[in-house]
There are 2 protein chains.
Amino acid sequence: MNLKELARKLDLSPTTVSRALNGYPEVNEATRERVAAAAKRYNYQPNTRAIRLATGRAMAVGHVIPLTTRHEIVNPVFADFIAGAGEVYSRNGYDMLLSVVPDDNEERAYRELKSRGTVDGVIVHGPRLDDPRIALLTEMEVPFVVHGRATGSALPYSWVDVNNRRAFHRATEFLLDLGHRRIGLVNGLEFMDFAIRRRAGYEQALAQRGIALDPAIMVSEEMTETAGHRTVAAMLRAPNPPTALLVSSMIMALGARRAIEEKGLRLGRDVSVIIHDDELSYLRNGDDVPIFTATRSSVREAGRQAADMLLSLISGRETGPKELLLEAELIIGQSTGPCKG
Amino acid sequence: MNLKELARKLDLSPTTVSRALNGYPEVNEATRERVAAAAKRYNYQPNTRAIRLATGRAMAVGHVIPLTTRHEIVNPVFADFIAGAGEVYSRNGYDMLLSVVPDDNEERAYRELKSRGTVDGVIVHGPRLDDPRIALLTEMEVPFVVHGRATGSALPYSWVDVNNRRAFHRATEFLLDLGHRRIGLVNGLEFMDFAIRRRAGYEQALAQRGIALDPAIMVSEEMTETAGHRTVAAMLRAPNPPTALLVSSMIMALGARRAIEEKGLRLGRDVSVIIHDDELSYLRNGDDVPIFTATRSSVREAGRQAADMLLSLISGRETGPKELLLEAELIIGQSTGPCKG
DNA sequence: AATCATTTTCAAACCGCTTTGGGTGTTTCA
DNA sequence: TGAAACACCCAAAGCGGTTTGAAAATGATT
């Protein structure tokens with residue numbers, strides 16, 4: 001059933017039917033209802049392809065997933081972010097388009113998205129230090145929202161991010177208040193923006209209490225279980241091991257915990273650990289009581305917010321770069337305790 | 001730059017230009033080259049929206065991600081599958097459309113996809129026992145490929161799956177050959193098809209050696225770290241604990257390992273563990289040497305294969321239901337050893 | 001009742017491509 | 001040499017909607 005057929009059945013012109021369904025004012029309320037009823041009865045669904053061509057809007061937003069060619073890693077956070085964003089899109093009649101693109105090829109991917117008109121806007125994932133995509137998209141005049149921020153970018157742009165600096169600042173203070181003085185940092189690779197900010201928060205908190213940094217207990221690694229295990233095991237083996245750790249992700253923390261327990265130490269008693277918890281659906285921090293003390297911030301919620309922001313940018317209702325800084329909660333779990341000694 | 005403009009520049013009709021670019025025979029080779037050159041020079045990109053309307057093809061495939069309303073879990077395997085499928089799509093000029101849909105609402109989502117013509121085909125994720133989506137899509141005449149299989153479905157359909165039964169059969173035999181007689185199964189929830197098959201393989205292998213099943217060491221749970229830990233801890237606490245375990249996922253296995261080590265036992269010596277390894281990019285089974293002995297099968301590769309299959313179904317080149325059963329490798333790691341005792 | 005404003009509806013153009021059904025100039029062949 | 005076959009190209013009609021500009025119907029005003 002298409003518009004013309006529906007119009008014929010109603011003895012109306014396609015024009016009127018179209019207007020009736022799209023809520024234009026210049027149509028009699030009575031006929032509007034008649035049209036709506038018929039549309040429902042015949043289960044009329046307007047053809048998206050035609051709408052797109054006619055209106056020039058794509059009614060779709062793109063997510064370009066960078067595939068780091070070096071590591072071939074898909075960010076584990078990604079699936080949940082998408083789930084959040086997807087809710088918003090489908091509520092607003094938008095489609096979500098995914099392109100998985102090797103990161104040596106991103107510019108072309110973005111340009112094509114624009115010039116073929118497949119999307120109205122883009123979400124930028126995994127911003128890196130001084131990310132070139134921001135300049136690119138700005139120049140192309142594609143509405144976009146960054147999930148995270150890109151330290152060092154000169155241009156203004158829209159973003160949704162967790163306050164990583166403050167989260168780790170607070171977490172560090174929490175450990176300091178428990179009496180810990182030797183606090184290790186197990187961070188992600190620092191070409192990722194969030195890792196830089198987390199370190200900044202950590203360093204600032206230590207500095208404020210006059211504690212010197214010790215590179216021996218600060219690592220920056222891929223965020224895998226093995227890396228977490230390896231680095232923490234090394235720290236614990238070394239002289240003057242940390243009594244507490246800040247760990248950048250749940251997965252790394254599983255490795256960290258393993259290293260701790262292997263050493264015959266007990267989590268929360270001998271070594272305190274605070275993690276950052278993105279609330280990934282398949283990696284919950286405990287079923288009801290949190291296991292790890294954590295700075296918690298739902299990445300799914302971030303997805304929702306970013307999608308919302310992008311849609312409002314696309315609609316033109318709101319203009320100019322918008323920014324949203326989500327605060328992480330500090331959740332007290334069983335992995336932290338006072339420093340003994 | 002659109003087709004008409006390009007045609008004008010070349011002093012040709014849009015017809016000829018279109019044909020030249022799309023490789024139709026009725027155009028002089030010389031002019032074809034002239035057109036190609038001009039297209040490149042002016043960076044002409046045909047408008048996707050127009051192509052879609054004109055051809056009636058969507059040049060897009062849909063992935064409907066079920067969001068289990070009960071658990072709100074996004075399958076962790078999903079991101080890597082998408083990465084694999086995405087490669088194939090972009091190589092073939094197809095877009096990948098994602099809709100995240102609460103699983104109480106799936107039918108409507110599929111119907112809309114069809115009637116609005118946004119996609120040419122669909123990949124079905126997370127098939128369940130006797131999954132109703134298979135009948136639905138067959139009836140709607142939408143080309144589709146299932147990732148996995150749906151035990152109990154009467155209709156024929158196309159699928160790509162790992163030979164879960166054989167993988168677990170072989171893994172069980174491997175443990176039996178090492179002398180283990182008390183082998184536990186830590187499985188996913190059995191509304192998921194793969195869990196059913198894995199159990200079947202396990203049971204068959206035991207039966208062939210005349211070993212009776214013991215429900216006390218067979219669990220079926222959500223595939224989380226905590227569940228892995230909880231269930232294995234319980235097994236080890238109970239009288240007559242298993243000397244070996246089959247664990248359905250890497251994440252569960254991390255929990256299982258924790259339970260083992262907590263108990264003061266050593267992985268691979270006191271308790272042998274074989275896992276199923278989907279080769280998730282962010283959860284590698286060891287960096288170079290595998291940590292766990294595993295039945296390994298790349299879910300990213302499955303994504304590539306499923307996408308390939310779907311595209312060939314869509315093109316009509318091949319017809320009828322196609323099936324692809326991928327065999328899992330048995331990778332020997334450090335988590336298995338002979339049964340002592 | 002005639003005029004004007006307002007509401008309601010419609011025909012036709014348009015979005016940018018593909019595709020059908022010719023046309024024109026060249027070859028081929030009887 | 002004329003007819004048939006072929007190679008190459010084009011005008012125009014879709015695809016299924018939206019949107020513009022104008023007409024028809026209705027209502028208000030004088």
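Just so we're on the same page: letters track the sequence lines, and every chain starts at 1. All values derive from a computational prediction rather than experimental measurement.
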Mind checking which nucleotides bracket the chain B contacts on DNA chain C, 5' to 3', with an atom under 4.0 Å from a heavy atom?
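On DNA chain C, the outermost contacted nucleotides are C/dG16 to C/dG21.
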Bounds of contact between DNA chain D and chain B, in 5' to 3' order, using a heavy-atom cut-off under 4.0 Å
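Taking any atom under 4.0 Å from a heavy atom of chain B, the span is D/dC8 to D/dG16.
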Using a 4.0 Å cut-off on heavy atoms, which residues in residues 10-18 of chain B reach DNA chain C? List them by number, or say none.
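Here the set is B/T15, B/S18.
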Quick one: side-chain contact (heavy atoms from CB on, under 4.5 Å) partners of A/S90, sequence neighbours excluded?
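For A/S90 there are no side-chain contact (heavy atoms from CB on, under 4.5 Å) partners, ignoring immediate neighbours.
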With the side chain counted from C-beta on, respond yes when A/F144 and A/T138 share a heavy-atom pair under 4.5 Å apart, and no when they do not.
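They are in contact (side-chain heavy atoms under 4.5 Å apart), so the answer is yes.
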B/K114/B/E107 salt bridge by N-O under 4.0 Å criterion:
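Salt bridge absent between B/E107 and B/K114.
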Any salt bridge linking B/R133 with B/E106? Criterion: basic side-chain nitrogen under 4.0 Å from a carboxylate oxygen.
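Salt bridge: yes.
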Do any of residues 21-30 of chain B sit with a heavy atom less than 4.0 Å from DNA chain D, and if so which?
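Per residue number, the list reads B/E26, B/V27, B/N28.
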Just to be sure I understand the geometry, which residues of residues 44-56 of chain A put a non-hydrogen atom under 4.0 Å away from DNA chain D?
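Result for residues 44-56 of chain A: A/Y44, A/P46, A/N47, A/A50, A/I51, A/A54, A/T55, sorted by number.
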Nearest-0.5 Å distance that lies between atom CG in B/L97 and atom CD1 in B/I123:
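Nearest 0.5 Å value for the CG-CD1 distance: 13.0 Å.
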Separation of B/D193 CG from B/W159 CH2 (nearest 0.5 Å):
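Result: 10.0 Å between the selected atoms.
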Any residue meeting ring pair (Phe, Tyr, Trp, His ring centres under 6.0 Å) with A/F81, in chain and number order, not counting sequence neighbours:
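For A/F81 the ring pair (Phe, Tyr, Trp, His ring centres under 6.0 Å) partners, ignoring immediate neighbours, are A/H125, A/H147.
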Checking A/Y89 now: which residues fulfil ring pair (Phe, Tyr, Trp, His ring centres under 6.0 Å) with it, not counting sequence neighbours?
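Result, ring pair (Phe, Tyr, Trp, His ring centres under 6.0 Å) vs A/Y89: A/H63.
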Axial bend angle, the helix from C/dA1-D/dT30 to C/dA30-D/dT1: five-pair end segments, nearest 10°:
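Computed angle between terminal axes is 60°.
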Closest approach of B/I134 to B/S153 (non-hydrogen atoms, all atoms of both residues):
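Looks like CG2-OG, 3.7 Å.
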Can you tell me if B/D120 uses its side chain to pair, donor with acceptor, with the backbone of B/A58 under 3.5 Å?
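A pair under 3.5 Å: yes.
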Show me the pairs that pass salt bridge (charged side-chain N to carboxylate O under 4.0 Å, His left out) and involve residues 301-315 of chain A, at least two apart or across chains.
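Matches after skipping sequence neighbours: A/E87-A/R304, A/E301-A/R304.
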Just grab all the salt bridge (charged side-chain N to carboxylate O under 4.0 Å, His left out) pairs involving residues 40-58 of chain A, residues at least two apart or on different chains.
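For residues 40-58 of chain A, and leaving out neighbouring residues, the salt bridge (charged side-chain N to carboxylate O under 4.0 Å, His left out) pairs sorted by first residue read A/R52-A/D95.
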What pairs of donor and acceptor atoms, side-chain ones from residues 3-15 of chain A against any protein atom, are under 3.5 angstrom apart with sequence neighbours left out?
{"unit_1": "A/S13", "atom_1": "OG", "unit_2": "A/T15", "atom_2": "N", "d": "3.4"}
{"unit_1": "A/S13", "atom_1": "OG", "unit_2": "A/T16", "atom_2": "N", "d": "3.2"}
{"unit_1": "A/S13", "atom_1": "OG", "unit_2": "A/T16", "atom_2": "OG1", "d": "3.2"}

Please test B/R317 against B/S315 for side chain to side chain donor-acceptor pair (under 3.5 Å), starting from the C-alpha separation and ending with a verdict.
CA-CA 5 Å; B/R317 285 194 312 274; B/S315 76; 3.1 Å; yes
